[in-house]
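For ligands, and for the atoms within them, numbers begin at 1 and follow the listed sequence.
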Amino acid sequence: MSDIWRLVRLLSPRRGWMLAGLGMATVTLLANFGLLALSGWFLAATALTGLAGIAAQNTFNFFTPSAMVRFFATLRVLSRYTERLVTHEATFRLLADLRVWFYTRLEPLAPAALQTQRAADLLNRIVADIDTLNLFYLRVFVPVLTAIAAGLLMAAFFAFFSWPAALALILGLALNGMLAPVLTNRLGAKPGVEITRLTAALRTEYVEALQGMGELLVFGAAPAMQARAAVLNEELATAQAQMGRVAGLGLALSGLAANATLLAVLVFGARRFEAGGIGAAQVPMLVLGAMAAFEATAPLPGALQYLGQIKEAARRIFALADQPPPIAPQEAAAPKPAGYGLSLDNITLRYAPDSPAVLNGLCLTVPEGQHIGIVGATGAGKSTLINLLLRFHEFQGGVARFGGQDLRAFGSADMARHITVISQRSYLFHTTIRDNLLLANGAADEAALWHALDVAQLSDFVRSLPRGLDCLVGEAGSRLSGGQARRIALARAVLKPAPWLILDEPTEGLDTETERAFLADLAPILKGRTVFYITHRPAGLKLMDEVYTLRDGQAFKAA
Ligand SMILES: Nc1ncnc2c1ncn2[C@@H]1O[C@H](COP(=O)(O)OP(=O)(O)OP(=O)(O)O)[C@@H](O)[C@H]1O
């Protein structure tokens, strides 16, 4: 239950909207109750008056009850409308709050702590689990509290006329709204959790299958993937069928409790009438009132079923949100670096306390403006060195200084201001060339964009496109060649004149001719910047002042 309390606390800043929705839902229920109870009384009283003869008909006040019937009918419509308006407004505000909260918890985890998550699972948590959490207000909070408030008020009304009828109503509402749902909830807990788990697993399978469609087809692995999905589908269908049976049982029990209550109210009402405690017309008033009262408990079985799904979604969301960020958030503002030199002294970095040190006593000094090539075998720690500089991963030993300041005093957002990265994986968003460039510098005007494209030798190509800068690049730049995509990354580097430039295998995957042309256009962009150039390919190293080889977690100056 602690996850649910935590969720309530998380939603509590919106308590004004939440309580307004709750209030309107209670008024709607009471209006319906008032309408039915009064109608029951009015119809019976009118019939009895009709039977009693002309004298009674002349003295009977038709006007006030019929005005009250109209009042309740109008109130019911208006309050239902307002309730929908308010609860939906509250729901969307809560959804926005939840998404923003989750994003602010995720952001410090990116990218290091999120790399361990499967992309589809992450997507699932961000979209589906948050949507499920959001059901809490509309499907659990409002119906449960409304049922309690309205149920007690209706029973109090009954108590004026017959205590036993009031007790029967309370008991019936409790059986119908609590006992039956609790029982179905108990029975439905397991399939509920299974449905959430299997739906998430299926979605993950499908997203991965779509992402890796090429590999699945080339290696003939599609049937195996289909078989896995079919098994999950079957398990999901079984869980859903089980849930359906549980829901059916719940409905039957609820129906039984409601009808037994109506019978009991009729009997107690009739006895009270016989004893002279109430008038004859008040008996149908109580019976019709009881009938209306069960509207309050109708959504409760659903509420408890949702609770199972919400608990599971909350567990998954909080588990991810509670992961400690790999770099502790910076309390103080980042210091101002004096220049942009880097000095690494005896640095040790391991990804987990029990895993071997990837950087192990590494020493490296990079004066401002130097161009440093970094080579090394696969797994030697080249990307790790960059992760260290970008503050994606914390190092455990040694002293690192950036611009003379302790590197630990900078967060990853601070370092991102000083560093531009061009890598083989520089991502292109499925939008226009313009938007992909503006990502590097939102303030760049048209002239700056074309200048950047000129430097990156891409302006002729962009001019030749029917919509120029406003041409879409396709998903992950699929409408561009590898070389053109890399040149967009170059143009971004021109637009963001950060003092540091990291080139992470920028020519990987390009043929020799394209690589040569790319490197020629890269040369002017390196000017005046401090550069790390990571590569397996020797061609770009000619542009470097010094080259270091990473081996055994240390950096050795190449001859
Ligand atoms: N996020 C991570 N968590 C745990 N271990 C990691 C992580 N990233 C890298 N490693 C490990 O650290 C070591 C160095 O990896 P790194 O990516 O820095 O090598 P690299 O020199 O860049 O390799 P490549 O040339 O293949 O890109 C490898 O053994 C790798 O398995």
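At least one side-chain heavy atom of Arg492 sits less than 4.5 Å from a side-chain heavy atom of Leu428. At a threshold of 4.5 Å between non-hydrogen side-chain atoms, the residues Glu508 and Asp504 do not count as touching.
No donor-acceptor distance shorter than 3.5 angstrom exists from the side chain of Thr196 to the backbone of Glu312, with no hydrogens or angles considered.
No side-chain donor-acceptor contact under 3.5 Å links Asp470 and Thr432.
Remark: Arg408 qualifies as a cation-pi partner of Phe395 under the 6.0 Å distance and 45° angle criteria applied to the six-membered ring. Note that Arg551 lies in the cation-pi zone of Phe556, set by a 6.0 Å cut-off to the ring centre and a 45° limit from the axis.
Of all the atoms in ligand 1, the ones that sit under 4.0 Å from a non-hydrogen atom of His536 are 25 (O). Within ligand 1, the atoms closer than 4.0 Å to a non-hydrogen atom of Lys382 are 18 (O), 19 (O), 20 (P), 21 (O), 22 (O), 23 (O), 24 (P), 25 (O), numbered from 1 in the order shown. Per-residue contacts place Ala377 under 4.0 angstrom from the following atoms of ligand 1 (heavy atoms of the residue considered): 21 (O). Which parts of ligand 1 touch Ala380 is read off a 4.0 Å heavy-atom cut-off, strictly below it: atoms 19 (O), 21 (O). Heavy-atom contacts of Val358 reach the following atoms of ligand 1: 12 (O), 13 (C), 14 (C) (cutoff under 4.0 Å).
No heavy atom of Ala352 sits closer than 4.0 Å to any atom of ligand 1.
Below 3.5 Å of separation, one finds no N or O of Gly376 facing any N or O of ligand 1.
For atom 16 (P) of ligand 1, the candidate residues are Thr535, Asn387, Thr384; the nearest heavy-atom contact is made by Thr384.
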